[in-house]
Amino acid sequence: MHWTAVENGWGQVERDRSNGELAPDDGVIMSINGVAYKKGLGVHAYSRLDYKLDKQYKTFFADVGVDDETNGNGSIIFEVWVDGIKKYESSEVVEGNQYARRIEVDVEWANELRLVVTDGGDGVGSDHGNWANPRLTPGPPITSLKDTPLSGLKIYPNPGRDYVTIEGVSSADPVTLSIVDLSSRFLARSINLKGTGKLDVRNLSAGVYILKITGEEFYAERKLVVTH
């Protein structure tokens with residue numbers, strides 16, 4: 001994947017090698033506490049990489065740490081932002097000669113992923129960070145499905161206060177019912193909806209949401225208003 005925006009505190013972001021120096025492709029094999037990685041992104045604080053997801057992925061994984069070329073120096077913090085919301089921050093400053101931290105971040109229904117590396121509060125000297133073996137798992141297969149009219153689909157009451165009834169979904173296969181807010185944060189899911197079902201919205205704040213209904217051969221989005 002190609003990033004849509006990039007910042008890097010020293011030289012260029014490197015693919016499948018450590019950050020190195022100022023010239024492109026001057027890094028070495030990525031390594032965190034003696035463990036080498038063939039794939040990844042070598043950066044230097046302050047660093048930011050943005051990726052367009054288009055709601056096509058489910059989970060982001062990576063091993064993160066300071067690259068061994070710093071000889072034990074360097075202290076950084078890793079952050080993962082999803083649609084403008086910080087979903088992960090390394091709980092403590094990541095330093096050289098420490099084991100990689102394995103991270104897992106939910107990106108389902110997200111439009112944008114941002115990978116950030118900041119200094120550990122002591123300046124950016126030797127702050128070479130690795131996003132090692134980064135990968136995205138695919139999300140619900142909706143890209144090939146059009147928003148099906150589903151003429152018999154009824155959602156009531158809408159606006160809803162406590163429970164919302166979903167009626168008219170006929171499928172022999174399990175149907176996934178999801179609610180996301182307008183910033184694409186995943187909030188609730190109901191599996192195996194067939195025919196008519198009720199959705200509990202009592203724990204949702206008042207506001208406008210998108211109800212996503214995904215089946216084996218159809219996909220539909222409807223606006224849902226919650227009041228209290």
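This chain uses plain numbering: 1 for the first residue, then up along the sequence. It should be emphasised that the depicted structure is a prediction, and the values quoted were computed from it without experimental measurement.
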Any side-chain heavy atom of [X] sitting closer than 4.5 Å to one from [Y]?
X	Y	result
Leu204	Ile179	yes
Leu177	Ile166	yes
Ile32	Asp67	no
Val64	Asn130	no
Val116	Trp81	yes
Leu113	Val80	yes
Tyr163	Arg202	yes
Leu49	Leu41	yes

Test side chain to side chain contact (heavy atoms under 4.5 Å, CB included) on Val94 and Arg101 and set out the steps. CA-CA 9 Å; Val94 181; Arg101 287 156 171 78; 3.6 Å; yes

Whether the side chain of [X] engages the backbone of [Y] through a donor-acceptor N/O pair (distance < 3.5 Å, no angle test) should be reported.
X	Y	answer
Arg114	Glu112	no
Asp54	Gln56	no
Asn158	Val225	yes
Asn73	Thr70	yes

What's the verdict on side chain to side chain contact (heavy atoms under 4.5 Å, CB included) for Phe61 and Ile103, showing C-alpha distance, side-chain angles and the deciding distance? CA-CA 6 Å; Phe61 297 93; Ile103 65 175; over 6 Å; no

Separation between [atom1] of [X] and [atom2] of [Y], rounded to the nearest 0.5 Å:
X	Y	atom1	atom2	value
Glu108	Lys55	CD	NZ	11.5 Å
Leu53	Asp50	CG	CG	10.0 Å
Asp25	Glu14	CG	CD	5.5 Å
Trp10	Asp127	CH2	CG	12.5 Å
Thr118	Ile77	OG1	CD1	4.5 Å
Phe60	Arg135	CZ	CZ	9.0 Å

Shared hydrophobic cluster for [X] and [Y] (ILVMFWY, side-chain gaps under 4.5 Å):
X	Y	result
Val6	Leu136	yes
Tyr57	Leu115	yes
Tyr156	Val164	no
Val43	Val66	yes
Val105	Tyr51	yes

Evaluate the ring planes of His44 and His128, with Trp represented by its six-membered ring, and classify them as parallel (under 30°), tilted (30 to 60°) or perpendicular (over 60°).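 Rings of His44 and His128: perpendicular, over 60°.
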
Name all residues meeting the side chain to side chain contact (heavy atoms under 4.5 Å, CB included) criterion together with Lys39; count only those two or more places apart in sequence or in a different chain, and write none if there are none.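 Once residues adjacent in sequence are excluded, the partners of Lys39 under the side chain to side chain contact (heavy atoms under 4.5 Å, CB included) criterion are Asp16.
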
Will you find, in the side chains of [X] and [Y], an N or O donor that is under 3.5 Å from an N or O acceptor?
X	Y	result
Asp68	Asn97	no
Glu69	Ser18	yes
Glu104	Tyr88	no

Closest non-hydrogen atom pair between [X] and [Y], with its separation:
X	Y	value
Gly40	Pro134	CA-CD, 3.5 Å
Gly42	Met30	N-CE, 4.2 Å
Gly123	Asp119	O-CB, 3.3 Å
Asp200	Asp162	OD1-O, 3.5 Å
Ile29	Tyr37	CG2-O, 4.0 Å
Val82	Ala110	CG1-CB, 3.4 Å

In sequence, state the C-alpha distance, the side-chain angles, and the governing distance for Arg102 and Asp63, and then conclude on salt bridge (Lys or Arg N to Asp or Glu O under 4.0 Å). CA-CA 4 Å; Arg102 184 155 296 175; Asp63 291 351; 2.8 Å; yes

Any chance you could lay out the side chain to side chain contact (heavy atoms under 4.5 Å, CB included) test for Arg222 and Leu153, step after step, and finish with the verdict? CA-CA 10 Å; Arg222 299 291 186 272; Leu153 179 63; 3.7 Å; yes

Counting the benzene-type ring for Trp, do Phe78 and Trp131 have ring centres under 6.0 Å apart?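 So the answer is yes for these two rings.
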
Checking Leu199 against Leu211 for the side chain to side chain contact (heavy atoms under 4.5 Å, CB included) test, could you report, in this order, the C-alpha distance in whole Å, the side-chain angles of both residues, the deciding distance, and whether it holds? CA-CA 10 Å; Leu199 187 66; Leu211 180 65; 4.1 Å; yes

